[in-house]
Amino acid sequence: MSRNKIIISIIAIFVFALLWNGLVHMVILKDANLALIEFARPANERNMFIALLLTLGIAIIFVLSFSHYVREGGVKSGVQHGLLFAVLAGLFVDLNQYLIYPLPASLVAKWFIFGVIEFICYGIIVGLLHNKKSNA
């Protein structure tokens, strides 16, 4: 994958992630996320800069790992790569938080489902922007 395609893919995924997470957490799961209000950091105390860096970091890792490990590229490979990331995120984030905090299982399941959709979309984005067969 060329440097330009890597940069474009990272930017595209970063922008999509911001829009997706805004829609999911501030609209779709707004009421369900109220289960966190007793022990979550208040919104005005959250560091937006760190949140943006985290989102950018995930976009970078996703694109670089796709570029390095996916042999053929394309949408199918992107979806497979997205599913791998979704399972990893589900195990490391969703399930781990469920074990540590008194979260409703239904909320964690919703996070996981929306996470799977999100990472599949990342895969589609990077897959559309990069197909190694057509570049050979």
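Note that the coordinates shown come from a computational prediction; the quantities given were computed from them, not determined experimentally. Computed from heavy atoms alone, side chains included, the values below leave out hydrogens, waters and symmetry copies.
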Identify, with sequence neighbours excluded, every residue that meets side chain to side chain contact (heavy atoms under 4.5 Å, CB included) alongside V87. L91
Indicate the atoms forming the closest heavy-atom contact of F39 with P102, along with that distance. CE2-CG, 4.0 Å
Shortest non-hydrogen separation from G127 to F66 and the atoms involved: CA-CZ, 4.3 Å
If hydrophobic clusters are built by linking Ile, Leu, Val, Met, Phe, Trp and Tyr wherever their side-chain heavy atoms come under 4.5 Å apart, do L128 and V15 end up in the same one? no
Shortest non-hydrogen contact between L103 and L107, atoms and distance: CD2-CD2, 4.5 Å
In one Ile/Leu/Val/Met/Phe/Trp/Tyr side-chain cluster, 4.5 Å: L88, L95: no
Does F119 belong to the same Ile/Leu/Val/Met/Phe/Trp/Tyr cluster as I6, with side-chain heavy atoms less than 4.5 Å apart forming each link? yes
Sequence neighbours left out, what passes side chain to side chain contact (heavy atoms under 4.5 Å, CB included) with S2? Give chain and number order. N4, K5
To the nearest 0.5 Å, what is the distance between CG on L19 and SG on C121? 11.5 Å
Not counting sequence neighbours, list each pair that qualifies as a side chain to side chain donor-acceptor pair (under 3.5 Å) and has a residue in residues 6-22. N21-E118
Considering only residues two or more places apart or on different chains, which pairs with a residue in residues 78-104 satisfy side chain to side chain donor-acceptor pair (under 3.5 Å)? S65-H81
Applying side chain to side chain contact (heavy atoms under 4.5 Å, CB included), can you list everything that pairs with I113, at least two apart in sequence or on another chain? I117
Using the side chain to side chain contact (heavy atoms under 4.5 Å, CB included) criterion, which residues pair with R3? Sequence neighbours excluded. I7
Write down the atom of F112, the atom of G90, and the distance for their closest heavy-atom approach. CD1-CA, 3.6 Å
Side-chain donor/acceptor pairs under 3.5 Å, residues 55-62, sequence neighbours excluded:
unit_1 : atom_1 : unit_2 : atom_2 : d
T55    : OG1    : A51    : O      : 3.0

With the 4.5 Å side-chain cut-off for hydrophobic clustering, are F16 and L52 part of the same group? yes
To the nearest 0.5 angstrom, please state how far the CD1 atom of I124 sits from the NZ atom of K76. 14.0 Å
Quick one: hydrophobic cluster around L53, which other residues, with the 4.5 Å side-chain cut-off, linked directly or via members? F49
Same cluster for L18 and I125 if Ile/Leu/Val/Met/Phe/Trp/Tyr side chains link at under 4.5 Å? yes
Show every donor-acceptor pair shorter than 3.5 Å between a side-chain atom in residues 23-38 and any protein atom, with sequence neighbours excluded, or say none if there are none.
unit_1 : atom_1 : unit_2 : atom_2 : d
H25    : ND1    : N33    : ND2    : 3.3
N33    : OD1    : W111   : NE1    : 3.1
N33    : ND2    : L29    : O      : 3.3

